[in-house]
Enquirer: 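Let me begin by handing over the structure; questions about it come next.
Each residue takes its place number in the sequence, starting with 1.
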Amino acid sequence: MTRADKGLMEMSTESRVSWLCATQADRERVLDMEQRLKPLRAASFAVLAVALLLCGPWVGWWTLIPLAVASATFFLTDRGLQTSPRPEYRLALAWLSSELAIAASVALTGGTRSPALAWLVLPVVTLAARFNARGVVAGSSVAAALIVASSLVVDPAEVTAAPQHVLFALALLGAVALLSLALMQSDVHHRTASVIDPLTSMLNRNALKARAEELRAQAMIVQQPIGVIVGDLDHFKAVNDTHGHAAGDAVLRDVAYSLRKRLRAFDLAYRLGGEEFLVLLPGASASEAAMIAEDLRRTIQGARHGNLSVTMSFGVSASEPSSFAYDEVFEEADQALYTAKAAGRNCVRVAGLSPDAPNPSPAEPGSAAPVAALRA
């Protein structure tokens, strides 16, 4: 494996997993919700600004400065967010800056007597909209610490003598965090149902768009191609007609498992619908993708799936280095799949090569040595 391949593998693997986003679906939720929150956040800042303007004669006009800082931080954070390898950390930092700005305002306007003390709870509402339970707990803990710290720094004796203001703010924080967790769990559940195929547990078409955009950005950075494999089970209608749909479902589940088991850790497999599957291969050229497709073909042919013997045809294509246009590459691979079907099925065909070209072959019959080398 070349240094560029390793770099792409590390970028692909690392960008899919982080402390705040355990899966790519988590990250897609972060990006989607940020787009939904952006106009509402701007409206919320406007409401707060009006309140500060109305209260300026009593609390001071300078209180608009922390709000402006928080607004500017989110504006800068949103720039380039879609192409950031770890957008969740950029948003977490912006969220923290808004909490710190509010905490500074609380400390400068009386600490425990500040009318803005409860405002430290406001950003907590957005945690559940972006992050999982881990992020909600971490953010709520930060907010609780800032409620206590912004009060103690002004007058520790007053907090000790009359802690009710701090305790009420902490109770409000806890209640808001707990209630928002229920909304977060419901959102995650419905999002998962929308991007995961319930039969095979593979990602479905709905999950493709965000992943394709992410790969496009990565390809530009590491100057590597993206391979695409489209596979289709041969004569699958006959399986359903002869053995029943329950047997067909068992075949699909087992085939999906076999495909995932043979792929590299940072490759992604999708069920497009029916008996058609798609695999995205970061860093793989057309010839490398063809070798992987041949390995998958032999795997399907060489084992029983759903207690039946089935075969699979594959079409392969790949992008140019640094440029990944998913629709174009998919269309090429799909046309290559049609060529494989016309050539008699149970074979691999590569876009741009002669329809009579033989299947790409491992070093020895039944061997997957070249594929193993790609995974090394």
Enquirer: What are the two closest non-hydrogen atoms of Val316 and Ala289, and how far apart are they?
Expert: CG1-CB, 3.6 Å

Enquirer: Any side-chain donor-acceptor pair under 3.5 Å between Thr311 and Asp234?
Expert: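 There is such a pair between these side chains.
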
Enquirer: Which atoms form the tightest heavy-atom contact between Ser180 and Val136, and what is the distance?
Expert: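 Shortest heavy-atom separation between Ser180 and Val136 comes out as OG-CG1, 4.5 Å.
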
Enquirer: Report yes if some heavy atom in the side chain of Leu67 is under 4.5 Å from a heavy atom in the side chain of Leu52; otherwise report no.
Expert: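 The answer is yes, as the side chains (C-beta and beyond) meet within the 4.5 Å cut-off.
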
Enquirer: What are the two closest heavy atoms between Thr63 and Val59, and how far apart are they?
Expert: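 Minimum heavy-atom contact is CG2-O, 3.9 Å.
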
Enquirer: Using side chain to side chain contact (heavy atoms under 4.5 Å, CB included), reason through Ile147 and Val166 one step at a time and then give a plain yes or no.
Expert: CA-CA 7 Å; Ile147 288 174; Val166 173; 4.1 Å; yes

Enquirer: Locate the shortest heavy-atom distance separating Pro282 from Leu215; write the atom from each residue and the value.
Expert: CG-CD2, 3.8 Å

Enquirer: Using the side chain to side chain contact (heavy atoms under 4.5 Å, CB included) rule, take Trp119 and Leu48 through it: C-alpha gap first, then chi angles, then the decisive distance, then the call.
Expert: CA-CA 10 Å; Trp119 283 15; Leu48 297 178; 3.8 Å; yes

Enquirer: Would you give the length of the straight line joining atom CG of Leu122 to atom CG of Leu173, rounded to the nearest 0.5 angstrom?
Expert: 11.5 Å

Enquirer: Of the non-hydrogen atoms in Ile226 and Gly283, which two are nearest, and what is the gap between them?
Expert: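 Scanning both residues completely, I find the closest heavy atoms to be CD1-N, 4.1 Å.
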
Enquirer: Does atom CD (Glu328) have a neighbourhood of more than 12 heavy atoms from anything else shown, all under 6.0 Å?
Expert: no

Enquirer: Within 45 degrees of the ring normal and closer than 6.0 Å to the centroid, is that where the cationic atom of Arg216 sits relative to Tyr326?
Expert: no

Enquirer: At what distance, to the nearest 0.5 angstrom, does CG of Leu268 lie from CG of Leu263?
Expert: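 Answer for the CG-CG pair, Leu268 versus Leu263, is 9.0 Å.
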
Enquirer: I'd like to know if Arg113 pairs up with Glu158 as an ion pair, taking the criterion as any Lys NZ or Arg NE/NH1/NH2 lying under 4.0 Å from an Asp or Glu carboxylate oxygen.
Expert: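 The answer is yes: the pair qualifies as a salt bridge.
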
Enquirer: In Å, rounded to the nearest 0.5 Å, how long is the span from CG of Asn132 to CD of Gln185?
Expert: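 If I round to the nearest 0.5 Å, the distance is 10.5 Å.
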
Enquirer: Hey, does the side chain of Asp26 reach the backbone of Ala22 with a donor-acceptor pair shorter than 3.5 angstrom?
Expert: yes

Enquirer: Do Ser258 and His305 have side-chain N/O donor and acceptor atoms under 3.5 Å apart?
Expert: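 Ser258 vs His305: donor-acceptor pair found between side chains.
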
Enquirer: With the side chain counted from C-beta on, respond yes when Val279 and Leu259 share a heavy-atom pair under 4.5 Å apart, and no when they do not.
Expert: no

Enquirer: Is the count of non-hydrogen atoms from other residues, nucleotides or ligands lying under 6.0 Å from Arg304 atom CZ greater than 12?
Expert: yes

Enquirer: Are Val251 and Tyr257 linked, directly or through other ILVMFWY residues, by side chains that come within less than 4.5 angstrom of each other?
Expert: no

Enquirer: To the nearest 0.5 Å, how far apart are CG in Leu280 and CD1 in Ile229?
Expert: 9.5 Å

Enquirer: Under 3.5 Å, is there a donor-acceptor pair between the Thr109 and Ser114 side chains?
Expert: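 Side-chain D/A pair, Thr109 to Ser114: present.
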
Enquirer: Are Val125 and Val121 in one and the same hydrophobic cluster, where Ile, Leu, Val, Met, Phe, Trp and Tyr link if side-chain heavy atoms are under 4.5 Å apart?
Expert: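 Yes, because Val125 and Val121 connect within a single hydrophobic cluster, where side-chain heavy atoms sit under 4.5 Å apart.
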
Enquirer: Is the backbone of Trp19 close enough, under 3.5 Å, to the side chain of Tyr89 for a donor and an acceptor to pair up by distance?
Expert: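 Yes, Tyr89 side chain to Trp19 backbone: donor-acceptor pair under 3.5 Å.
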
Enquirer: Decide, yes or no, whether a salt bridge links Arg41 with Glu34 under the criterion of side-chain N to carboxylate O below 4.0 Å.
Expert: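 Looking at Glu34 together with Arg41, the answer is yes, because their closest N to O distance falls below 4.0 Å.
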
Enquirer: Which of these passes side chain to side chain donor-acceptor pair (under 3.5 Å) with Ser317: Glu332, Arg349, Glu331?
Expert: Glu332

Enquirer: Would you check if Gln35 and Lys38 make a side-chain contact, meaning some heavy-atom pair closer than 4.5 Å?
Expert: yes

Enquirer: Applying side chain to side chain contact (heavy atoms under 4.5 Å, CB included) to Val255 and Ile300, what does each step give before you reach the verdict?
Expert: CA-CA 7 Å; Val255 166; Ile300 300 303; 3.9 Å; yes

Enquirer: Could you tell me if the side chain of Trp95 sits less than 4.5 Å from the side chain of Arg130, heavy atoms only?
Expert: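 Result yes, sub-4.5 Å side-chain heavy-atom pair found.
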
Enquirer: Set out, in order, the CA-CA distance, both residues' side-chain angles and the distance that settles side chain to side chain contact (heavy atoms under 4.5 Å, CB included) for Leu296 and Met312, then state yes or no.
Expert: CA-CA 9 Å; Leu296 296 176; Met312 199 167 186; over 6 Å; no

Enquirer: Report whether Leu53 and Leu108 are members of the same hydrophobic cluster (ILVMFWY, side-chain heavy atoms less than 4.5 Å apart, transitive linking).
Expert: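 Hydrophobic grouping puts Leu53 apart from Leu108.
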
Enquirer: Can you tell me how far CZ of Phe277 sits from CG of Asp232, rounded to the nearest 0.5 angstrom?
Expert: 9.0 Å

Enquirer: Does the side chain of Met33 reach to within under 4.5 Å of the side chain of Arg36, using non-hydrogen atoms?
Expert: yes

Enquirer: Salt bridge or not for Glu276 and Arg271, using N-O below 4.0 Å?
Expert: no

Enquirer: Is the backbone of Ala101 close enough, under 3.5 Å, to the side chain of Ser105 for a donor and an acceptor to pair up by distance?
Expert: yes

Enquirer: Taking the side chain as every heavy atom from C-beta outward, state whether Val69 and Ser97 have any pair of such atoms under 4.5 Å apart.
Expert: no

Enquirer: Under a 4.5 Å cut-off applied to non-hydrogen side-chain atoms, are Phe330 and Leu272 in contact?
Expert: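 In short, these two side chains touch, coming nearer than 4.5 Å.
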
Enquirer: Decide whether Leu172 and Leu181 are clustered together by the hydrophobic rule: side chain heavy atoms of Ile, Leu, Val, Met, Phe, Trp, Tyr closer than 4.5 Å, transitively.
Expert: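 The answer is yes; both residues are in one hydrophobic cluster.
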
Enquirer: Rounded to the nearest 0.5 Å, how far does CG of Leu208 lie from CD of Glu213?
Expert: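 So the gap between those two atoms works out to 13.0 Å.
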
Enquirer: Looking at Leu120 and Ser150, what are the two nearest heavy atoms and their distance?
Expert: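 For Leu120 and Ser150, the tightest heavy-atom pair comes out as CD1-OG, 3.9 Å.
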
Enquirer: A side-chain contact here means heavy atoms from C-beta on lying under 4.5 Å apart; do Pro123 and Leu127 qualify?
Expert: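 No, their side chains stay 4.5 Å or more apart.
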
Enquirer: In terms of hydrophobic clusters joined by side-chain contacts under 4.5 Å, are Val154 and Leu146 together?
Expert: no

Enquirer: Any Lys/Arg nitrogen of Asp249 or Arg253 sitting under 4.0 Å from an Asp/Glu carboxylate oxygen of the other?
Expert: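 Not counted as a salt bridge, because no side-chain N and carboxylate O are separated by less than 4.0 Å.
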
Enquirer: Counting heavy atoms not belonging to Phe168, are there more than 12 under 6.0 Å from its CZ?
Expert: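 Counting other residues, nucleotides and ligands, CZ of Phe168 stays at 12 neighbours or fewer.
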
Enquirer: Using only atom types and a distance under 3.5 Å, with no angle test, would you say the side chain of Thr339 pairs donor to acceptor with the backbone of Gln335?
Expert: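 At least one qualifying donor-acceptor pair exists.
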
